[in-house]
Amino acid sequence: MGNTRFSRKEDNTSPEFAVGEKWDNIKIGGDGKLDPDQEEHRSALRQWIEESGGGVLTAFDFTTKTYLTDCSRRIDPWPFPSDKPLLGYRGGGTPCIVYSHYMEWGLKDSISKLVAIRNKNGIGSTSSVMIKVAEADLYMAMIDEKVIMKIGSKLDLGTLVPSDFALAYSGPDFAVWEKQ
């Protein structure tokens, strides 16, 4: 069933932007770890947004947040280490830009570049995300088959980045490629 409660509120208030939450269980593999294939979870979220009438409703991407948190905790107990805040600004979903990162930490240019890549490629809350690798030192995902993002210290990527993708931006322990 669609999000009819939101649809009624949207009809009555005409918001410019709205964020919803839809909690479903993440798929766990037989080994007790997160299953790399979370497309069913993502599809349910996408369908929920579409059934609300599309419009201005977006949703928190709990699928990716759960995966990134799990991967980063294998490296560090905090989801995004304070010495590498840009790790939180690449990927799918709709990022929340932290004021202090943007205005006080000197990251305005880097955050702006990452947001520009997202905008250029139409990445948003309904983008498809295919996880390519999820290991302790490497997380890579392809977004809408247009962008590949990587976080982690591993540099030997082998054939994970196809030849028709070019590096768009990189920094400490992250990189973003765009399809050419």
Side-chain angles (χ1 to χ4, degrees), residues 3 6-7 10 13-22 38-39 41-69 71-72 79-134 138-152 157 160-180:
N3 188 356
F6 174 77
S7 295
E10 181 182 15
T13 62
S14 301
E16 292 182 25
F17 179 76
V19 179
E21 294 183 8
K22 182 180 188 315
Q38 296 292 336
E39 191 53 37
H41 192 269
R42 282 183 208 292
S43 293
L45 183 60
R46 219 176 358 257
Q47 181 178 351
W48 182 75
I49 292 169
E50 290 166 1
E51 288 177 356
S52 76
V56 299
L57 178 65
T58 59
F60 289 107
D61 184 358
F62 290 113
T63 312
T64 300
K65 187 214 182 287
T66 300
Y67 232 101
L68 290 174
T69 301
C71 289
S72 65
F80 297 107
S82 62
D83 62 332
K84 297 174 188 156
L86 290 175
L87 297 184
Y89 292 102
R90 67 321 97 282
T94 302
C96 176
I97 296 174
V98 178
Y99 177 85
S100 60
H101 293 172
Y102 194 79
M103 299 302 289
E104 298 167 4
W105 290 20
L107 299 175
K108 182 176 183 177
D109 289 340
S110 293
I111 292 170
S112 295
K113 286 177 186 175
L114 291 167
V115 169
I117 293 168
R118 296 171 53 83
N119 290 342
K120 175 182 171 187
N121 290 282
I123 295 172
S125 61
T126 60
S127 293
S128 74
V129 178
M130 182 184 77
I131 297 169
K132 296 172 74 67
V133 179
L138 178 63
Y139 173 89
M140 287 184 73
M142 182 180 288
I143 306 157
D144 284 344
E145 298 183 11
K146 298 177 188 175
V147 171
I148 295 175
M149 55 75 58
K150 165 215 179 269
I151 60 174
L157 304 178
L160 290 169
V161 179
S163 61
D164 59 340
F165 280 75
L167 185 64
Y169 192 65
S170 65
D173 289 345
F174 80 90
V176 180
W177 295 263
E178 291 178 288
K179 190 167 190 170
Q180 298 302 295

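Quick caveat: nothing in here was measured; it's all calculated off a predicted structure.
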Nearest 0.5 Å, what's the [atom1]-[atom2] distance between [X] and [Y]?
| X | Y | atom1 | atom2 | answer |
| --- | --- | --- | --- | --- |
| E145 | S127 | CD | OG | 11.5 Å |
| M130 | I143 | CE | CD1 | 11.0 Å |
| Y139 | K132 | OH | NZ | 12.0 Å |
| L138 | L157 | CG | CG | 6.0 Å |
| H101 | I111 | NE2 | CD1 | 7.0 Å |

For [X], what residues pass the side chain to side chain contact (heavy atoms under 4.5 Å, CB included) criterion, not counting sequence neighbours?
| X | value |
| --- | --- |
| K113 | Y169 |
| A44 | K22, D24 |
| K108 | Y102, S112 |
| N119 | V115 |

Quiz item: Does D164 have any salt bridge (Lys or Arg N to Asp or Glu O under 4.0 Å) partners at least two apart in sequence or in another chain, and if so, which?
Solution: K179
Quiz item: With sequence neighbours left out, what residues match E178 under salt bridge (Lys or Arg N to Asp or Glu O under 4.0 Å)?
Solution: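 Checked E178 against salt bridge (Lys or Arg N to Asp or Glu O under 4.0 Å); matches are K120.
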Quiz prompt | Nearest atoms (heavy-atom pairs only) where D144 meets G122 | solution =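 Between these two residues, the closest heavy atoms are OD2-O, 4.0 Å.
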Quiz item: Does Q47 have any side-chain hydrogen bond (donor to acceptor under 3.5 Å, both in side chains) partners at least two apart in sequence or in another chain, and if so, which?
Solution: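 Q47: side-chain hydrogen bond (donor to acceptor under 3.5 Å, both in side chains) contacts with E51.
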Quiz prompt | Heavy-atom side-chain proximity of V133 to L160 below 4.5 angstrom | solution = yes
Quiz prompt | Check: I123 and K146 side chains under 4.5 Å, non-hydrogen atoms | solution = no
